[in-house]
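Atoms within each ligand, like the ligands themselves, are counted from 1 in listed order.
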Amino acid sequence: MKGDDASKNEQNQFEGLIQGLLNDEYGCSDDFLQPDIVAGLRNNIQGLFQSGDLKSAGLGNKDVHHKNKQIRGDKIKWLEEKSEDQFEVAFLTKIADFVTYLNKTCYTSINQFESHYASYEQNSFYKRHLDQFKNDKGRKFSLVFYLNQDWQKEDGGILSLYPKDKAQKDISPMGGRMVFFRSDEMEHEVHPSFTRDRISIAGWFKS
Ligand code: OGA
Ligand code: MN
């Protein structure tokens with residue numbers, strides 16, 4: 001069981017993400033998970049890279065599956081819902097708690113979560129896009145959880161968000177940082193990283 005302080009802290013994080021979404025069209029929470037969990041997940045994706053288990057990501061879902069490096073250059077691997085890896089379990093458990101909180105406080109009726117590791121090799125990017133597919137409206141909210149160690153400005157890899165009625169927002173992909181926005185409304189873009197691979201877990205709440 002989590003102590004009172006831990007669950008209070010967790011609630012504050014969830015509340016911060018939700019308030020950000022309501023006020024600014026996106027939420028951002030640093031240190032969403034403890035550094036040892038971020039390190040474990042980072043280690044996992046590095047292992048997947050070495051074993052050749054990261055695959056070029058497609059565009060759109062099932063029926064449109066052309067790969068196009070001009071639009072999107074990340075390599076991915078989907079997380080298993082029933083993972084037994086302790087770091088993935090820690091991540092998925094916290095996400096499940098967030099879903100419970102969202103559904104309770106915002107009546108969102110989220111009933112599914114999907115997520116994948118993503119690695120953007122040096123100089124690869126993802127052009128401006130929305131996360132909701134034209135032929136599948138299931139994705140309601142998007143999140144990105146960054147795994148990069150000591151990411152610096154010179155490393156590039158900025159996430160730009162383009163809210164409808166507000167100025168562009170640039171976010172650095174610092175390890176431990178969580179970003180949260182609506183899949184059908186927030187256009188966004190991943191800029192090239194200049195110096196090294198840019199690693200994360202991207203996920204979607206569905207209903
Ligand atoms: C995506 C995406 C953003 C990021 O995977 O759809 O937009 O910052 N990722 O990695
Ligand atoms: Mn996206």
- prompt: Do Leu130 and Asp184 touch side chain to side chain, with heavy atoms closer than 4.5 Å?
  reply: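 Leu130 vs Asp184: side chains apart.
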query: Ignoring hydrogens and geometry, is there a side-chain-to-backbone donor-acceptor pair from Asp30 to Arg177 under 3.5 Å?
result: no
- prompt: His129: which N/O/S atom is nearest the Mn ion (ligand 2)?
  reply: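 Sorting the N, O and S atoms of His129 by distance to the Mn ion (ligand 2) puts NE2 first.
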query: Should the proximity of Asp131 to ligand 1, defined as any heavy atom under 4.0 Å, be assigned to the side chain, the backbone, both, or neither?
result: side chain
May I ask you to check whether [Y] and [X] place their ring centres under 6.0 Å from each other?
| X | Y | value |
| --- | --- | --- |
| Phe125 | Tyr120 | no |
| Tyr162 | His188 | no |
| Tyr101 | Phe14 | yes |
| Phe180 | Phe141 | yes |

message: I'd like to know whether ligand 1 has His129 as a neighbour, heavy-atom separation below 4.0 Å.
response: yes
message: Are there over 12 heavy-atom neighbours, none belonging to Lys169, within less than 6.0 Å of that residue's NZ?
response: no
query: Between Ser83 and Asp85, does any side-chain donor sit less than 3.5 Å from a side-chain acceptor?
result: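 Judged by distance alone, the side chains do not pair up.
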message: Using the Mn ion (ligand 2) as the vertex, how large is the angle between OD1 of Asp131 and NE2 of His188, rounded to 10 degrees?
response: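 Between OD1 of Asp131 and NE2 of His188, the angle at the Mn ion (ligand 2) is about 100°.
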Do ligand 1 and [X] have nitrogen or oxygen atoms that lie under 3.5 Å from each other?
| X | result |
| --- | --- |
| Asp74 | no |
| Tyr126 | no |
| His188 | yes |

For [atom], what is the closest protein heavy atom, and at what distance to 0.1 Å?
| atom | value |
| --- | --- |
| atom 3 (C) of ligand 1 | Val190 CG2, 3.4 Å |
| atom 8 (O) of ligand 1 | Tyr146 OH, 2.6 Å |
| atom 5 (O) of ligand 1 | Ala202 CB, 3.8 Å |
| atom 10 (O) of ligand 1 | Arg198 NH1, 2.8 Å |

field: Contact atoms of ligand 1, heavy-atom distance to Leu159 under 4.0 Å
entry: 3 (C), 8 (O)
